[in-house]
Amino acid sequence: MAAVRRWSEGMSSDNIKGLVLAISSSLFIGASFIVKKKGLKKAGASGVRAGVGGYSYLLEPLWWFGMITMVVGEIANFAAYAFAPAILVTPLGALSIIISAVLAHIILREKLHTFGILGCALCVVGSTTIVLHAPQERQIESVTEVWDLATEPGFLFYTALVLTAVFTLIFHFVPQYGQTHIMVYIGVCSLVGSISVMSVKALGIALKLTFSGMNQLLYPQTWAFTLVVASCVITQMNYLNKALDTFNTAVVSPIYYVMFTSLTILASVIMFKVISSH
């Protein structure tokens with residue numbers, strides 16, 4: 001309790017806003033996994049499945065409803081990154097794991113066994129620990145400052161490694177192992193996701209500053225981050241659909257969350273240098 005009290009006293013109003021938005025985001029995203037899965041199953045029954053390269057789900061209203069639910073969650077998540085550090089916001093996605101796992105058990109009849117329950121519990125414990133001990137992130141005054149951080153050698157090296165791994169997975173491992181090894185699709189989503197979160201953070205800061213009277217839309221860096229976000233999101237959605245269509249939601253969601261969170265925290269530490277001083 002003492003740790004919780006110290007943590008809450010040290011929270012700024014912006015961090016609290018980010019916390020509330022992140023929790024709301026998890027509720028929507030957790031539910032969207034289930035709705036999209038049902039849409040993918042329905043589309044796959046009458047067309048080419050997403051798991052084998054089909055896009056018949058684009059004609060399925062249920063999939064679109066799930067997609068809209070996810071978009072609402074991502075908008076809340078996007079806003080959360082503008083107010084709070086990525087190392088605080090991202091771990092709160094553990095809540096979406098619980099929601100999707102429970103709903104998958106009830107609605108999709110995907111059995112959640114003892115190890116699944118234990119895994120979900122460990123996700124929550126780990127995420128709570130990270131959130132309670134999350135270090136303060138440096139104050140950002142403009143989108144050009146974020147660009148300077150993103151173009152430092154350390155983060156450029158990380159980005160190069162991520163892109164190399166992503167292209168290797170897509171062109172070598174996906175054709176051979178995508179249908180049998182869950183880590184292939186999720187690996188692509190998680191690696192690309194760690195870059196997209198950093199860009200979303202930059203874009204969120206740019207919009208926040210713009211709405212406060214400091215127009216950041218004049219800077220080409222803002223539009224560069226926007227292009228990166230769009231490219232990453234499209235890639236993530238494509239391979240997440242393949243993973244959901246091929247494997248159980250109760251398995252996809254936790255593994256994706258753990259990989260995505262771990263890589264995002266790593267990217268955040270490299271880019272924003274948020275290492276705790278405790």
Side-chain angles (χ1 to χ4, degrees), residues 7 10-22 24-25 73-93 130-166 190-236 260-278:
W7 171 75
M11 288 278 282
S12 66
S13 60
D14 274 0
N15 277 7
I16 292 171
K17 290 175 186 175
L19 187 70
V20 172
L21 286 165
S24 303
S25 166
E74 292 295 352
I75 289 172
N77 200 42
F78 176 87
Y81 282 115
F83 289 102
I87 203 168
L88 173 65
V89 173
T90 305
L92 289 169
I130 291 171
V131 169
L132 289 176
H133 297 88
Q136 289 295 314
E137 194 172 75
R138 63 191 293 174
Q139 290 295 315
I140 304 294
E141 303 297 333
S142 72
V143 73
T144 55
E145 188 176 340
V146 186
W147 181 264
D148 290 341
L149 292 171
T151 52
E152 285 187 356
F155 192 74
L156 287 177
F157 180 67
Y158 173 78
T159 303
L161 286 178
V162 166
L163 291 176
T164 301
V166 166
S190 302
L191 287 163
V192 172
S194 69
I195 300 296
S196 72
V197 165
M198 296 302 101
S199 299
V200 163
K201 174 74 176 175
L203 197 53
I205 290 170
L207 292 176
K208 179 185 174 185
L209 292 171
T210 298
F211 291 140
S212 67
M214 301 167 61
N215 190 359
Q216 302 294 299
L217 302 181
L218 301 173
Y219 297 105
Q221 290 92 334
T222 301
W223 300 105
F225 282 125
T226 303
L227 182 61
V228 172
V229 169
S231 302
C232 289
V233 167
I234 290 170
T235 304
Q236 281 178 270
F260 173 64
T261 301
S262 300
L263 288 167
T264 298
I265 290 174
L266 175 61
S268 184
V269 168
I270 293 171
M271 182 169 171
F272 292 102
K273 302 174 179 60
V274 284
I275 300 176
S276 178
S277 58
H278 309 311

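Predicted model, so just to flag it, every value in this text is computed and none were measured.
- Taking every heavy atom of both residues into account, Ala150 and Phe155 meet most closely at O-CD2, 3.3 Å.
- The backbone N or O of Gln216 sits less than 3.5 Å from a side-chain atom of Thr210, completing a donor-acceptor pair.
- Taking CE from Met198 and CD1 from Ile195, the interatomic distance works out to 8.0 Å, rounded to the nearest 0.5 Å.
- Considering Leu161, Val166, Leu163 as possible partners of Leu191, the one that fulfils the side-chain contact (heavy atoms from CB on, under 4.5 Å) test is Val166.
- The local environment of OH in Tyr219 is sparse, with at most 12 non-hydrogen atoms from other residues, nucleotides or ligands closer than 6.0 Å.
- A donor-acceptor contact shorter than 3.5 Å links the side chain of Ser25 to the backbone of Gly73.
- The minimum heavy-atom distance linking Leu21 with Ala76 is given by the pair CB-O, 3.5 Å.
- Using a 4.5 Å heavy-atom threshold, the side chains of Leu209 and Val143 count as separate.
- In this structure, the side chain of Ser268 does not engage the main chain of Thr264 through any donor-acceptor pair within 3.5 Å.
- The two residues Thr235 and Ser231 come nearest to each other via the heavy atoms OG1-O, 2.9 Å.
- By the 4.5 Å heavy-atom criterion applied to side chains, Ile205 and Lys208 are not counted as neighbours.
- In this structure, the separation between CE on Met271 and OG1 on Thr159 is 8.5 Å, given to the nearest 0.5 Å.
- Distance check: Tyr158 OH to Leu266 CG gives 5.0 Å after rounding to the nearest 0.5 Å.
- A pairwise comparison of heavy atoms in Phe260 and Ser194 identifies CE1-N, 4.1 Å as the closest pair.
- What you find for Ala80 and Ala22 is that their closest heavy atoms are CB-N, 3.9 Å.
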